Amino acid sequence: MAVPLEESITLSVTYPSVIDRYFTRRYIQRDGDNDTCLLYHSNKICLVTLAKSHAIFKKDVAIKKVNFKVGEKLDRTNNKVSGKKKHGGQYVDEHSILCLVECDDDSVYTVRAGVKGKLVEVNEHLIGDPNLLLTKAETDGYIAVVLQKLGVNCNMSNSVSKEEYDKVVDE
Amino acid sequence: MAPAIEIHSEKLNLKIIEYIQELGSCWRCAIRFTRERKPEAYQQKNLDLKQEPEEKVQKTSPCVICLGLVQDQFIKECITDEISQRVIESDYDSPTFSCMVSLPVAIMLREQAVWFLVTEKFPELLSTNFKIDHVTSLKDVWKFVFSEALELKLKKKLEYSSSSFQIQVNVLYQDEISECGALVDMCPEKFKHRYKQTRVYREGIFTRNAAHSVLSGISSLNFKKHYTLKVPNVGTHYGVVQCSHTSIHIAGRYQKFSRKLCQTPWLIEGEKHMDTSIQELICKHLEPFFKTQSVKFSSSGREDVDVRTLGLGRPFAIELLDPHRTLFTQVEITQVQIIINKSTDAIQIRDLQLVTKEQLSVLKEGEEEKTKIYRALCVTLDGSTLTAEDLDRINGTTELVLMQKTPLRVLHRRPLAVRPRTVHQINATLLDDYPGHFIMRLKTQAGTYIKEFVHGDFNRTVPNLCILLGRPVDIVALDVDAVELDWPPALFN
């Protein structure tokens, strides 16, 4: 009754990527090219990443440190969540600073959340290997995971779609 | 404990019975206080018993204890007709039944009152370790009185200890609340907050448990201060009769051939997201067969919508609530299995059979402990094809421990955690004719997320196949080849 695995689907040369399959890409462009790309999952989980148009990609610098201590008393690595609803997660909104990216030419970029919700986790791999942000910005180098408030319709009014972004960036 | 009171003379018993009847009780309630346990004693009146005084026979009031429930002049035979109508209409096929009779709490008060009066008039009773709990229960007497008629009309046998098929008879009393007010006077702390808790006590604030705890410790003096035995104005009446049968459990194994089918109905904002589900495809045919309207589906783990389940299939169990049909053979169940298998190509089931409730824990054991075998169709994302060395390296993997953070795709409804999971074995072969594609057969610990092992889930599962192969890879399709749980027992059909 069962066809073999390789015959049970249509094979192709390329397939939609993990991000294409599960996420909607939205882009926020800010002054100074401090652009971020938000990956919205249909389940309200949102990943914050650097957009390819971010200023950092225009320079030929390496990253010295990704600093999650964004305030005197606020360290994003202290974020602890428990349970399904992620109790205890730090509340972030569009303007909340997630981290400071310090480059070896002493420039510093503040990365803001761009989305409102509870901080679930920050990518601690960036602490040991900050250059992941440059090499794998959209995947392994993601910055943080935010859980949007459930039961509230997703508000993406502060960002643009991939089509609009691509148009602007290509100019 | 031997009923000590029987050591006493028949003469004493007769005196007790006479006294209680003089208080206003019917003969049945009177002999209950002699701890008479034989059903026949309640069905046929013993001629030795003194007749109730003339005036009481003429203008009879309800018995001061049972409120007429088992009193000759007040017995409502029609209850047996009502019960049998309800049962026959509902078409329950159980050959036995038991009755759960729920009595008004006021009767507890009245029994307590009579008990105090009797033990004061006949103090010698107390020396025989006679307790109020030893008085033959009114519920049992009700059953003695009505069992014959019920058995006849229902054509089922009454079981005094509980049977799977239960008939709930609700006895109500109009003056329940006013009489039970005495309980509040006896023990105000117990009840005063109940008046406000309207949701919890919507059926009434006077529960049997509360009454029992108030009455069991109480002194005769304190009791009499707040309650005096009086002839009731009205007798009892019957409330709704309810029937139900204990659940039946059916187990089997299912194979899933569709990549567009979820296991249980998937509701988004109250609406069905997909046409049907494995649960519905199976239960659609079980529900009419067992005559049930409510089911609970459980299984030994679950696969994603786009994943097939092959091999012997995944064990599942279905609880059918309040089934009206309970007599059936394995042959008949197998026929339902055949019907289900003919009705759809999306799934096929096997080994469908009756199981006991106790066996269900095996399912969870399977979900948490048993290994699973998968086949994954994967592809490299950089255009390369795996070399023989790559394959050797992968196939040499045994007992690889992964640290899997909760996958992003389920992170909205699961707690964030890192779970160690073991990949026991991998066997990868190239898919000829399709460069970059390869098939990986894996044997893993229960609870391992395969897709995340392949693509890495943003490196939140480490190690992952991308790291092992040194290049980005993704999963194209996944099959479950085996769920290694040897349950339910294989049937050769």
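Naming: A, B, ... by sequence-line order, numbering from 1 per chain. This is a predicted model, so every value here is computed, not measured.
Proximity to chain A (any heavy atom under 4.5 Å) is shown, for Arg375(B), by both the backbone and the side chain. For a residue to count as touching a neighbouring chain, one of its non-hydrogen atoms must lie under 4.5 Å from one of that chain's; by this rule Val145(A) touches chain B with the side chain only. Heavy atoms closer than 4.5 Å to chain A are found nowhere in Ala417(B), neither backbone nor side chain. Leu310(B) touches chain A through its side chain: at least one heavy atom from C-beta onward sits under 4.5 Å away, while N, CA, C and O do not. For a residue to count as touching a neighbouring chain, one of its non-hydrogen atoms must lie under 4.5 Å from one of that chain's; by this rule Glu138(A) touches chain B with the backbone only. For Thr14(A), no part lies near chain B; criterion is any non-hydrogen pair under 4.5 Å. Only the backbone of Ser12(A) comes within contact range of chain B, with at least one heavy atom under 4.5 Å from a heavy atom of that chain. Interface residue Ile19(A): only side-chain heavy atoms are found under 4.5 Å from chain B. Proximity to chain A is limited to the side chain of Arg259(B), based on heavy atoms less than 4.5 angstrom apart. Both the backbone and the side chain of Val120(A) come within contact range of chain B, judged by heavy atoms closer than 4.5 Å. Of the two parts of Leu416(B), the backbone and the side chain both hold a non-hydrogen atom closer than 4.5 Å to a non-hydrogen atom of chain A.
We find the CZ-CD distance between Arg460(B) and Glu124(A) to be 11.5 Å, quoted to the nearest 0.5 Å. With values rounded to the nearest 0.5 angstrom, Ile9(A) atom CD1 is found 9.5 Å from Arg308(B) atom CZ. Within the model, atoms OG1 of Thr406(B) and CD of Glu121(A) stand 8.5 Å from one another, a figure rounded to the nearest 0.5 Å. Taken from CG in Asp140(A) to CG in Asp457(B), the straight-line distance is 10.0 Å, to the nearest 0.5 Å. The distance from atom NE2 of His412(B) to atom NZ of Lys85(A), rounded to the nearest 0.5 Å, is 12.5 Å.
Residue Lys296(B) places its NZ atom among 12 or fewer non-hydrogen atoms of other residues, nucleotides or ligands, all under 6.0 Å distant. The number of heavy atoms from other shown groups lying within 6.0 Å of NZ (Lys58(A)) is above 12. More than 12 heavy atoms of other residues, nucleotides or ligands sit less than 6.0 Å from atom NZ of Lys59(A). Other residues, nucleotides and ligands place more than 12 heavy atoms under 6.0 Å from the CG atom of Asp104(A). Counting heavy-atom neighbours within 6.0 Å of Lys136(A) NZ, excluding the residue itself, gives a total of 12 or less. Summarising the local packing, CG of Asp486(B) is surrounded by 12 or fewer heavy atoms from other residues, nucleotides or ligands at distances under 6.0 Å.
Residues Phe458(B) and Phe23(A) place their aromatic rings such that the two centres sit under 6.0 Å apart.
Contact annotation: the side chain of Leu411(B) never approaches that of Leu147(A) to less than 4.5 Å [non-hydrogen atoms, C-beta and beyond]. Side chains of Tyr434(B) and Glu6(A) form no contact here, defined as non-hydrogen atoms less than 4.5 Å apart. No side-chain heavy atom of Leu11(A) sits under 4.5 Å from any side-chain heavy atom of Asp433(B). In this structure, the side chains of Asp474(B) and Tyr15(A) stay at 4.5 Å or more apart for every pair of heavy atoms.
Between the side chain of Asn43(A) and the backbone N or O of Leu408(B) there is at least one donor-acceptor pair closer than 3.5 Å.
The most heavy-atom pairs under 4.5 Å with chain A, out of Arg413(B), His437(B), Lys405(B), come from His437(B).
The shortest heavy-atom contact between Ala477(B) and Leu5(A) is CB-CD1, 3.9 Å.
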